Amino acid sequence: MFGFEVADRARKNAEAIRRLAEGGEQVYQALLPFAADLEQAMVEIEALPDSFWVRD
């Protein structure tokens, strides 16, 4: 389903931000709150019913 793809993209972006931040990249360290937002969005997206992604 489309929701899985959206959640997977959010997960991958959050992981990349965290990995680069842990490597000392200051820009990515500043983006850590955004990584947390992406992870929260991932949880919320995964909680949506499949019917959310179907157009009438």
Side-chain angles (χ1 to χ4, degrees):
M1 253 349 236
F2 184 71
F4 171 78
E5 293 171 4
V6 173
D8 190 51
R9 178 60 60 97
R11 179 181 296 107
K12 288 177 181 176
N13 285 333
E15 288 172 355
I17 290 169
R18 291 193 181 283
R19 184 177 62 252
L20 291 165
E22 289 171 5
E25 295 285 340
Q26 290 182 350
V27 171
Y28 290 95
Q29 289 172 349
L31 289 174
L32 285 172
F34 183 66
D37 289 344
L38 285 170
E39 291 161 342
Q40 180 60 39
M42 179 190 65
V43 169
E44 293 174 16
I45 290 166
E46 290 174 337
L48 292 170
D50 288 340
S51 62
F52 177 84
W53 302 102
V54 178
R55 287 188 176 183
D56 291 334

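Hydrogens, waters and symmetry mates play no part in the numbers below; they use all other heavy atoms, side chains included. Because the structure is a prediction, the values reported are computed rather than measured.
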Could you tell me which residues satisfy side chain to side chain contact (heavy atoms under 4.5 Å, CB included) with [X], sequence neighbours excluded, listed by chain and number?
{"X": "Pro33", "answer": "none"}
{"X": "Gln40", "answer": "Glu44"}
{"X": "Gln29", "answer": "Ala21, Gln26"}

Rounded to the nearest 0.5 Å, what separates atom CG in Leu20 from atom CG in Leu31?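 Between Leu20 CG and Leu31 CG, I get 9.5 Å after rounding to 0.5 Å.
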
Can you tell me how far the CD1 atom of Ile45 sits from the CH2 atom of Trp53, to the nearest 0.5 Å?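 So the CD1 of Ile45 and the CH2 of Trp53 are separated by 5.5 Å.
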
Shared ILVMFWY cluster between Phe52 and Val6, side chains joined below 4.5 angstrom?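 Yes.
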
Which residue pairs satisfy the salt bridge (charged side-chain N to carboxylate O under 4.0 Å, His left out) criterion with at least one member in residues 16-26, sequence neighbours excluded?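 Of all non-adjacent pairs touching residues 16-26, those that pass salt bridge (charged side-chain N to carboxylate O under 4.0 Å, His left out) are Arg18-Glu39.
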
Minimum heavy-atom distance Ala14-Ala35, with the two atoms named: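 Nearest pair, atom of Ala14 first, then Ala35: CB-O, 3.8 Å.
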
Give the minimum heavy-atom separation between Met42 and Ala10, together with the two atoms involved.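 For Met42 versus Ala10, the nearest heavy atoms are CB-CB, 4.3 Å.
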
Counterpart residues, side-chain hydrogen bond (donor to acceptor under 3.5 Å, both in side chains), relative to Glu46 (two or more places apart):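 Expected list: Arg11.
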
